[in-house]
Asks: 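Please find one structure pasted underneath; my questions will follow.
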Amino acid sequence: MPTTYPEMYFPVIVQVVIAIAVAAGLIGISALLGKRAKSPLKDTPYESGMAPVGSAAERFSVKWYLVGMIFVLFDIEAVFLYPWAVVFRELKLFALGEMFVFVALVLVGYFYVWKKGALDWSQEKYPKDRGA
Amino acid sequence: MNFLLLTVIKAALVAFILLTALAYVQWLERKVLAHIQLRVGPRRVGPHGLLQPLADVVKLITKEDMIPSHVNKVFYLLAPFLAVMFALIPIAVIPFGTDITIGPIHTNMELADLNIGVLFILGITGMGVYGVALSGWASNNKYALLGGLRSSAQMISYELPMAMAIATPLLVLNTLSFRQLVNSQDGFILGFIPRWTIFQGPFPFLIVAFIIFMIAAFAETNRIPFDLPEAENELVAGFHTEYGSMKFAAFFMAEYCNMITVCCVATLLFLGGWHPIFPAEYGSRFIPSLIFVGAAAICFMHAANPSRRLDKFTLPVVGVVALGIAGIFMVPILATALLPIFWFSAKVIVILFVYIWVRGTLPRFRYDQLMRFAWTFLFPIAIINLFLVGLWVALT
């Protein structure tokens with residue numbers, strides 16, 4: 001039975017090595033065995049048979065960045081929830097109250113972004129505060 | 001036996017079983033989906049198409065290995081690599097059953113019993129988003145870029161309700177180790193209701209958490225009804241439009257591997273892991289034997305009037321094998337080792353079947369509906385649910 005930390009995590013390292021080997025093998029093996037036949041048409045980006053117009057490196061919706069940032073905020077909250085859940089039975093109502101205050105503060109921000117329309121992908125532009 | 005050697009052997013065994021399971025989950029999906037749509041599915045390669053996965057692998061390996069000149073080569077190759085790697089690692093901390101003793105060897109039925117197993121799984125599966133986002137960006141293709149952006153936004157959005165749903169059973173059971181989680185789901189309420197997490201605590205709340213977890217899991221693994229990244233009628237194939245041969249198969253493998261991981265986590269967190277669905281004194285230990293005897297009976301029945309010529313020979317063989325397995329489960333020493341594995345895999349397979357069933361039944365969401373559903377419905381419900389369970393735990 002594993003008792004020390006290196007022993008506990010050794011199987012994980014073995015699995016990581018296996019995962020890397022399988023992943024590299026998958027990508028390497030078809031490079032070795034597959035045949036090659038280059039042609040200029042095959043080399044163009046696939047757009048359902050239409051000739052591609054412009055580059056794909058266009059600007060994309062700012063909502064994607066917004067969702068990314070909001071996610072980081074709330075995921076931090078979620079990370080705090082795990083240790084809280086593990087010791088919850090010892091602290092009981094005190095822990096519940098503390099976490100409630102914390103989550104309530106985060107939720108204020110949540111309602112703000114909701115009302116701002118950052119969570120609504122069908123909207124073309126924000127309804128309020130367009131100037132500024 | 002040497003601990004290190006034992007670990008390497010176990011890891012090799014687990015990897016082998018996992019990769020085989022991946023291939024056959026795909027076969028199962030094609031078969032079940034076909035029968036839902038009144039087709040027969042793959043049946044040319046091997047009896048009932050059972051060798052189809054093998055044929056697919058051979059086909060994909062020998063396909064042309066195209067690297068288009070318009071892609072960013074490093075990230076283009078890195079993306080499928082990351083996707084497969086992060087999909088294969090989580091299996092290291094998933095326990096499949098109780099300890100077993102074979103002669104002088106005594107070992108756990110898992111690779112690593114981490115005291116932070118749940119966190120480890122969340123962390124590693126969260127990294128999977130890199131494979132998708134990078135492949136979409138590096139392909140330098142409009143469809144791929146849109147698919148990658150959609151997918152990464154979707155995956156991070158559904159991660160929040162999922163994290164909340166996972167925290168709910170942790171509130172009741174107070175541990176992050178999968179083995180302890182399952183051990184505290186042992187026993188029965190009133191003698192016959194299993195003490196699985198979904199039946200513990202205040203009545204409907206943990207079932208709600210389970211449902212939220214499953215919905216988020218569907219979205220995390222990019223499955224119908226949340227398979228927007230590969231919505232083929234809008235985006236061709238989404239983030240893997242520009243990938244071919246085994247690089248395409250790598251994304252496929254990663255998706256199925258994530259599905260299996262999620263099913264295992266759902267089983268361990270909510271459905272009692274390897275504990276039987278009803279007490280052994282009412283005969284739950286005979287269930288596996290009964291199932292295999294039933295399977296054997298069906299095989300013999302079909303062998304009597306075969307639909308294909310080969311069935312006359314193959315089906316009796318399968319039937320005898322099934323009877324043999326049924327016999328193995330009746331031997332007391334073997335049964336104690338095998339029963340937990342049986343119950344665990346049975347639950348995982350049932351959830352996998354639900355996955356496929358849903359794919360055969362539901363249409364796809366629209367993208368803004370999908371995001372609104374995650375942020376303005378699932379997330380608040382998950383938080384409220386979590387606090388109600390917390391209140392109940394604090395007051396009892």
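We name chains A, B, ... by the order of the sequence lines, and we start the count at 1 in each one.
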Asks: Under a 4.5 Å heavy-atom cutoff, which of A:Leu107, A:Val103, A:Val17 has the most pairs with chain B?
Replies: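 Ranked by heavy-atom pairs under 4.5 Å with chain B, first place is A:Val103.
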Asks: Using side-chain heavy atoms (C-beta onward) and a distance below 4.5 Å, is A:Phe74 in contact with B:Trp375?
Replies: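 Heavy-atom side-chain distance check passes, below 4.5 Å.
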Asks: Who are the salt bridge (charged side-chain N to carboxylate O under 4.0 Å, His left out) partners of A:Asp75, not counting sequence neighbours?
Replies: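 A:Asp75 satisfies salt bridge (charged side-chain N to carboxylate O under 4.0 Å, His left out) with no residue once adjacent residues are dropped.
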Asks: Need one label for A:Val14: side chain, backbone, both or neither, based on atoms under 4.5 Å from any heavy atom in chain B.
Replies: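 Looking at A:Val14, just its side chain touches chain B.
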Asks: Would you please name every residue forming a ring pair (Phe, Tyr, Trp, His ring centres under 6.0 Å) with B:Phe86, sequence neighbours left out?
Replies: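 Here no residue qualifies.
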Asks: Using 30° and 60° as the class boundaries, would you call the ring planes of B:Phe387 and A:Phe100 parallel, tilted or perpendicular?
Replies: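 Plane angle over 60°, so perpendicular.
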Asks: Could you pull out the closest heavy-atom pair between A:Ala19 and B:Met85, with the gap in Å?
Replies: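 Result for this residue pair: CB-O, 3.7 Å.
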Asks: For the atom pair CD (A:Glu77) and CE (B:Met164), what is the distance rounded to the nearest 0.5 Å?
Replies: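 Between A:Glu77 CD and B:Met164 CE, I get 4.0 Å after rounding to 0.5 Å.
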Asks: With only heavy atoms counted, which part of A:Leu91 is less than 4.5 Å from chain B, the side chain, the backbone, both or neither?
Replies: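 Neither the backbone nor the side chain of A:Leu91 comes within 4.5 Å of chain B.
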Asks: So, do A:Leu26 and B:Pro80 sit near enough that their side-chain heavy atoms are less than 4.5 Å apart?
Replies: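 A:Leu26 vs B:Pro80: side chains apart.
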Asks: Which answer fits A:Tyr110, side chain, backbone, both or neither, if we ask what part of it has an atom under 4.5 Å from a heavy atom of chain B?
Replies: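 A:Tyr110 touches chain B through side-chain heavy atoms alone.
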Asks: Quick one, B:Asn174 with A:Val87, criterion side chain to side chain contact (heavy atoms under 4.5 Å, CB included). Give me CA distance, side-chain angles, the key distance, then yes/no.
Replies: CA-CA 6 Å; B:Asn174 303 105; A:Val87 296; over 6 Å; no
Asks: Below 4.5 Å from any heavy atom of chain B, which atoms of A:Val113 appear? Answer side chain, backbone, both or neither.
Replies: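 Answer is neither: A:Val113 stays 4.5 Å or more from chain B.
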